Amino acid sequence: KANGESTFGAVRITSLVPSLGCSPSKAPGHSSLPVVQRNGPCAAKSVSKPNHLQSLAQDSLRVASLQEIVSGVSRGNDTVLLGSQISIPARSGLYLGTGNYVITVGFGTPTKSQTVIFDTGSNVNWIQCKPCLVSCYSQQEPLFDPLLSSTYRNVTCAASACLELTSRGCSGTTCLYGVTYGDGSSTVGFLAIDTFTLTSTKVFSNFIFGCGQNNRGLFRGAAGLIGLGRSPYSLNSQTASSLGNIFSYCLPSTSSSTGYLNIGNPLRTTVAYTPMITDSRAPTLYFIDLVGITVGGTRLELSPTVFQSVGTIIDSGTVITRLPPAAYSALRTAFRAAMTQYPLAPAASILDTCYDFRNSATLTYPVIKLLYTNLEVTLPATGVFYVISSAQVCLAFAGNSDSSQ
Amino acid sequence: IGIIGNVQQRTFEVTHDNIANRIGFSAGACS
């Protein structure tokens, strides 16, 4: 112990591994939405489930696309099509990654449930819509049909909601939106307004979203996406006038349990804060001031500028935390030095510090703290390890490939 | 850039307060 705090933690291996059944957590409030990992037993059966190595590879592509957005290095303009006649420009953008977490919300009047990915790195909300003029992929719920909603209407090209879109077009007087993701997945359709049901007590009229008519790519059964970024089109921005522009979420430790998303004041009273930073390189992303890391009670010998010179994003859609090379190297060295009693296991993709715990029921590990301005965050065991199997449990951090990233 | 990923956010209630421009963490909020 240091200053009365434990510098090592102990955890049963079995508690890190998801069980086969779903054990939903009790919702903390009637106005919060359940959050589930889309490939776990708490979610509806997905179309395809990536394995761990595929997930980590997709995570690397998401990270690469975030790096490109921040660095401003564009992969050039792209064109997305709605039918053969209408095309609109769309810059390649964020890679969706594993799109790990989903929520179920409602669109239209009467409301129709749709299970969508939620993502703090995205801004445009969209769902697949009938009549699917060009293409739709299969999804778990019936497709949203605007004709069955008494409150649905398309946005016109002259409306400010259309004019402020980054990627837009027109079909006659009807506004078109387009989003191209970094992996080539895309959605194009009509910019629409309808009633949006977050929960039974949080219903919003005049919600702007994309009604997708040409949807292609790796969305794997989700009806669409809800963005929680900082642009005016995100869910939190659109509900800000009634709920304040504040939201909170709790991500469950394994895929066999559930978390929640809450728009409005946080549900917990004991919240410790650190400044949210706006970075002009990517103003719709959330930057946070990471300044240091402790491992086993000892602060890594790193200047805060190692982190601050490049900046740090907090993102719900990236799985594994990426650190500047010097920081990751120091973290890995300190962690390995405290774990010498366990046999190393082969690396798994980007995760190079893995252990074989087959002969251990309980593991002891050095406590890791992330140090932010005015705030220390002590990671639980589920925030330290990425479990592939009991024979391959990995330190869930990775390094960027060069210090300028 | 560094990125704080969702493994390191698990079980915290992570608050994005765009009014006061702050990000909050509350430990042990979900299992």
Side-chain angles (χ1 to χ4, degrees), chain A residues 25 28 63 66-67 70 100-101 120 228 230 236 240 244-253 257-260 266-268 270-276 278 286 288 290 307 310-324 327 370 375 377-380 382-383 386 396 400 405, chain B:
Chain A
S25 310
V63 167
L66 284 167
Q67 305 279 12
V70 174
N100 248 349
Y101 294 98
T120 61
L228 290 168
R230 303 173 82 177
N236 44 296
N245 197 339
I246 182 168
F247 66 90
S248 57
Y249 55 81
C250 195
L251 305 178
S253 57
S257 53
T258 57
Y260 59 84
L267 300 173
R268 305 274 158 172
T270 54
V271 185
Y273 289 99
T274 184
M276 174 194 293
T278 301
Y286 295 97
I288 189 169
L290 180 67
F307 304 99
V310 287
T312 306
I313 291 168
I314 182 166
D315 178 32
S316 72
T318 298
V319 180
I320 303 293
T321 287
R322 301 314 204 273
L323 297 172
L370 301 180
L375 176 65
V377 172
T378 303
L379 299 179
T382 52
Y386 186 91
N400 283 326
Q405 282 188 325
Chain B
I1 52 168
I3 302 171
I4 305 298
N6 60 42
V7 170
Q8 282 69 32
Q9 298 174 50
R10 288 173 177 172
T11 74
F12 290 95
E13 182 176 290
V14 181
T15 300
H16 289 57
D17 183 345
N18 286 289
I19 304 164
N21 283 317
R22 56 187 186 169
I23 289 178
F25 293 86
S26 184
C30 61
S31 61

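Numbered from 1 within each chain, the chains take letters A, B, ... in sequence-line order. For clarity, every value in this text was computed on a predicted model and none was experimentally measured.
Contacts of A:L267 with chain B are made by both backbone and side-chain atoms, with heavy-atom separations under 4.5 Å. Looking at A:Y249, both its backbone and its side chain come within 4.5 Å of chain B, counting heavy atoms on both sides. Contact of A:L66 with chain B is made through backbone and side chain together, with heavy-atom distances under 4.5 Å. Heavy-atom distances place no part of A:F307 under 4.5 Å from chain B, backbone and side chain included. Of the atoms belonging to B:A29, heavy atoms from both backbone and side chain fall under 4.5 Å from chain A. Heavy-atom distances place the backbone of A:T378, and not its side chain, under 4.5 Å from chain B.
With sequence neighbours excluded, no residue forms a salt bridge (Lys or Arg N to Asp or Glu O under 4.0 Å) with B:R10. Residues passing the salt bridge (Lys or Arg N to Asp or Glu O under 4.0 Å) test with B:R22 are B:D17, sequence neighbours excluded.
With hydrogens and angles ignored, the 3.5 Å screen pairs no side-chain donor or acceptor of B:Q9 with any backbone N or O of A:L251. Distance alone, capped at 3.5 Å, is enough to place a donor-acceptor pair between the B:Q8 side chain and the A:G383 backbone.
In terms of non-hydrogen atom pairs under 4.5 Å with chain B, the most contact-rich of A:V271, A:T274, A:L228, A:L379 is A:T274. Of the residues considered (A:G259, A:G244, A:P380), A:P380 shows the highest number of contacts with chain B, using heavy-atom pairs under 4.5 Å. Of all the listed residues (B:I19, B:T15, B:N18, B:V7), the one sharing the greatest number of non-hydrogen pairs under 4.5 Å with chain A is B:N18. Highest contact tally toward chain B, considering only A:A272, A:A396, A:P266, is held by A:A272 [criterion: heavy-atom pairs under 4.5 Å]. The greatest number of non-hydrogen atom pairs below 4.5 Å with chain B, out of A:T270, A:L290, A:V319, is found for A:V319.
In this structure, A:Y273 and A:L375 have side chains that are not in contact, with every pair of non-hydrogen atoms separated by 4.5 Å or more. Residues A:R230 and A:T278 are in side-chain contact: their nearest non-hydrogen atoms beyond the backbone lie under 4.5 Å apart. Residues A:I313 and A:V70 are in side-chain contact: their nearest non-hydrogen atoms beyond the backbone lie under 4.5 Å apart.
The aromatic rings of B:H16 and A:F247 lie parallel to each other, with less than 30° between the two planes, well short of the 60° mark.
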